[in-house]
*Asks:* 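I have a structure I would like to understand better, so I am pasting it below and will then ask my questions one at a time.
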Amino acid sequence: MTTTTDIIARTSRVLPRGTHAHWLLRLPLALVLLQQGFDKFPLSADAAAGFGVPFILWAMAAIGEIAVAGLLIAGGLLRGVTGDLVTRIAGLGLAAIVAGVIYVAYWGPPLELLLFNQFHILLFAGGLYFALTGTKSRMQATA
């Protein structure tokens, strides 16, 4: 007699492994970061003042967004420990940048953030995901 556990185990074995599924997160996150970073160019003190941040912070955010997007893509292309480290750095950078954006532009009660600022919450969660997992999920899928 077949048990439910046997059915689940057999089903799990025949399902395809998502060895490249990490790109479904990497590419959209990188594209959003590139768009947000390049939108700040040409760098302007007036644009920074419009958000109430110093120009140096505005410039660092723009360059950081573009750099993190590049690192996120590079981390997916690189193999082994190097790819894992680059991916974790990119994830940490993404989470830090988005945390800064939330703090500067959208700070409010936590429930309000969750209800009305899902875009930045998802970007933050994506950054944390890559910071915490690196390429581990990709390596496990290929093993």
Side-chain angles (χ1 to χ4, degrees), residues 1-44 47-48 50-143:
M1 184 167 161
T2 307
T3 66
T4 304
T5 305
D6 292 334
I7 293 171
I8 292 171
R10 276 190 281 147
T11 303
S12 177
R13 281 192 301 270
V14 298
L15 290 174
R17 298 286 172 226
T19 57
H20 300 293
H22 60 101
W23 289 107
L24 294 173
L25 289 175
R26 280 180 197 275
L27 289 177
L29 287 173
L31 289 173
V32 166
L33 283 169
L34 286 173
Q35 185 244 339
Q36 294 297 318
F38 282 124
D39 275 355
K40 291 176 178 63
F41 284 93
L43 294 173
S44 158
F51 281 91
V53 296
F55 176 73
I56 188 73
L57 186 60
W58 183 257
M60 285 175 33
I63 294 166
E65 287 165 345
I66 294 167
V68 165
L71 289 174
L72 202 53
I73 298 299
L77 296 173
L78 296 170
R79 297 284 179 229
V81 177
T82 305
D84 187 63
L85 181 62
V86 169
T87 295
R88 288 176 186 270
I89 291 169
L92 187 62
L94 173 56
I97 289 169
V98 175
V101 168
I102 290 171
Y103 179 75
V104 168
Y106 301 105
W107 190 251
L111 184 59
E112 215 171 276
L113 283 173
L114 290 172
L115 292 176
F116 303 111
N117 204 355
Q118 302 93 340
F119 177 69
H120 289 98
I121 299 297
L122 285 172
L123 289 175
F124 182 74
L128 286 181
Y129 172 80
F130 282 115
L132 295 172
T133 64
T135 58
K136 180 187 274 188
S137 60
R138 180 180 74 189
M139 290 187 291
Q140 287 175 345
T142 58

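Keep in mind that this is a model prediction, so the values were computed, not measured. The figures here come from the full heavy-atom set of this structure, side chains too, leaving out hydrogens, waters and symmetry mates.
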*Asks:* Compare every heavy atom of His120 with every heavy atom of Tyr106, then report the nearest pair and how far apart it is.
*Replies:* CE1-CE1, 3.3 Å
*Asks:* Would you give the length of the straight line joining atom CE of Met60 to atom CD of Glu65, rounded to the nearest 0.5 angstrom?
*Replies:* 11.5 Å
*Asks:* By the definition side chain to side chain contact (heavy atoms under 4.5 Å, CB included), identify the one residue from Val86, Leu25, Leu94, Ile89 that meets it with Phe130.
*Replies:* Leu25
*Asks:* Identify the heavy atoms of Thr133 and Asp84 that sit nearest to each other, and give their distance.
*Replies:* O-OD1, 3.7 Å
*Asks:* For Ala62 versus Leu43, what's the shortest heavy-atom pair and its separation?
*Replies:* CB-CD2, 3.8 Å
*Asks:* Any side-chain heavy atom of Thr87 sitting closer than 4.5 Å to one from Arg26?
*Replies:* yes
*Asks:* Side-chain contact, heavy-atom cut-off 4.5 Å: Arg10 with Ile7?
*Replies:* yes
*Asks:* How long is the straight-line distance from CG of Leu123 back to CD of Gln36, given to the nearest 0.5 Å?
*Replies:* 8.0 Å
*Asks:* Would you say the side-chain atoms of Ser12 pair up with the backbone N or O of Ile8, donor to acceptor, closer than 3.5 Å?
*Replies:* no
*Asks:* Any side-chain heavy atom of Leu92 sitting closer than 4.5 Å to one from Val68?
*Replies:* no
*Asks:* Determine whether Ile66 and Leu34 make a side-chain contact, defined as any pair of heavy atoms from C-beta on separated by less than 4.5 Å.
*Replies:* yes
*Asks:* Show your working on side-chain contact (heavy atoms from CB on, under 4.5 Å) between Thr135 and His22 and close with a plain yes or no.
*Replies:* CA-CA 8 Å; Thr135 58; His22 60 101; over 6 Å; no
*Asks:* Which atom pair, heavy atoms only, marks the closest approach of Phe124 to Ala99?
*Replies:* CE1-CB, 4.0 Å
*Asks:* Using atom types as modelled and distance alone, determine if a side-chain donor or acceptor of Arg88 lies under 3.5 Å from a backbone N or O of Leu132.
*Replies:* yes
*Asks:* For the residue pair Ala69 and Ala30, what are the closest heavy atoms and their distance?
*Replies:* CB-O, 3.5 Å
*Asks:* Are Thr3 and Asp6 close enough that a side-chain donor and a side-chain acceptor fall under 3.5 Å?
*Replies:* yes
*Asks:* Any side-chain heavy-atom pair from Trp23 and Ile73 closer than 4.5 angstrom?
*Replies:* yes
*Asks:* Between atom CG of Leu77 and atom CG of Leu72, what is the distance when rounded to the nearest 0.5 Å?
*Replies:* 10.5 Å
*Asks:* Any chance CZ of Phe41 has more than 12 other-residue heavy atoms, nucleotides or ligands included, within less than 6.0 Å?
*Replies:* yes
